[in-house]
Every structure is written in structure tokens, then in C-alpha cells.
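Right, one structure below, let's go through it.
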Amino acid sequence: PIKVLVLSRSGGTGTTSGTRKLLNEGDVVQAVRNKYPASRVQIDIADFDVSARVPFVNQAESVMSADVLVGMHGAGLTHMLFLPRWGSV
């Protein structure tokens with residue numbers, strides 16, 4: 001399946017985490033899940049906010065295994081450096 005990684009900003013406590021979130025994130029993810037079976041598209045939601053305390057190595061590994069990276073503008077998208085060559089943002 002195509003692996004989609006959504007960088008969520010909804011649970012963060014950083015200075016801009018509350019201002020850069022997709023208000024209907026759950027609805028968007030559910031709409032994609034309803035349209036495509038899990039055998040074709042796998043969607044994972046990741047919270048890399050500092051308050052989540054996810055080790056950087058784990059963050060990089062999550063992105064390395066994704067085909068598509070989805071996120072709001074901001075520093076979180078620098079994770080695109082770890083996408084595979086065929087990856088897309």
C-alpha cells in the first residue's frame with residue numbers, strides 16, 4: 001500500500017502549534033480512509049511536537065518509511081529531508 005504520514009499539529013504545546021493545525025484533520029483522514037481501502041492506502045498520524053517527546057531517530061524512521069508526507073507549513077516539514085527518493089510532499 002501507499003504509506004501516507006500526516007504530521008499533526010493538533011496536540012502540540014509549542015508557541016505556534018495551536019495556530020498551525022488543520023481544523024478538520026480527522027474528517028480529512030477519515031474521508032481518505034473511506035475512499036481507499038487499507039490495502040491500497042495506509043495513513044498514519046504522527047505528532048512530533050516537542051511535548052510528545054518522540055526521539056528524533058524515531059521521527060526520521062517514520063518519515064523514511066512513508067511515500068507521502070502531509071503537513072502544515074512550518075519547521076515540521078523539514079522532515080521531508082528523510083523521505084525516500086520517490087517520496088512526495
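Numbers for residues simply follow the sequence, beginning at 1.
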Quiz item: Which distance, rounded to the nearest 0.5 Å, do you find between the CE of Met72 and the CD of Glu25?
Solution: 10.0 Å
Exercise. Nearest 0.5 Å please: distance from the CZ atom of Arg40 over to the NZ atom of Lys35.
Key: 9.0 Å
Quiz item: Counting heavy atoms not belonging to Ile2, are there more than 12 under 6.0 Å from its CD1?
Solution: no
Quiz item: Any side-chain heavy atom of Pro1 within less than 4.5 Å of one from Val41?
Solution: no
Practice problem: For Pro55, check side-chain contact (heavy atoms from CB on, under 4.5 Å) against everything at least two apart and list the hits. | Solution: Asn58
Quiz item: Same hydrophobic cluster for Val54 and Leu5, using side-chain heavy-atom links shorter than 4.5 Å among ILVMFWY?
Solution: yes
Self-check item: Validation row: Val6, Asp44 side chains within 4.5 angstrom (heavy atoms)
Solution: no
Return all side-chain donor-acceptor pairs below 3.5 angstrom for residues 78-89, not counting sequence neighbours, or 'none' if the list is empty.
residue: Thr78; atom: OG1; partner: Ala75; partner atom: O; Å: 2.7
residue: His79; atom: ND1; partner: Gly76; partner atom: O; Å: 2.7
residue: His79; atom: NE2; partner: Gln59; partner atom: OE1; Å: 2.7
residue: Trp86; atom: NE1; partner: Asp67; partner atom: OD1; Å: 2.7

Quiz item: In the single-linkage hydrophobic clustering (I, L, V, M, F, W, Y; side-chain heavy atoms under 4.5 Å), do Leu7 and Val57 co-cluster?
Solution: no
Quiz prompt | Any Val4 side-chain heavy atom under 4.5 Å of Val70 side chain | solution = yes
Quiz prompt | Check: Arg33 side chain, Ile43 main-chain N or O, donor-acceptor pair, under 3.5 Å | solution = yes
Quiz item: Between Ile45 and Leu77, is there a shared hydrophobic cluster once you connect ILVMFWY residues whose side-chain heavy atoms come closer than 4.5 Å?
Solution: no
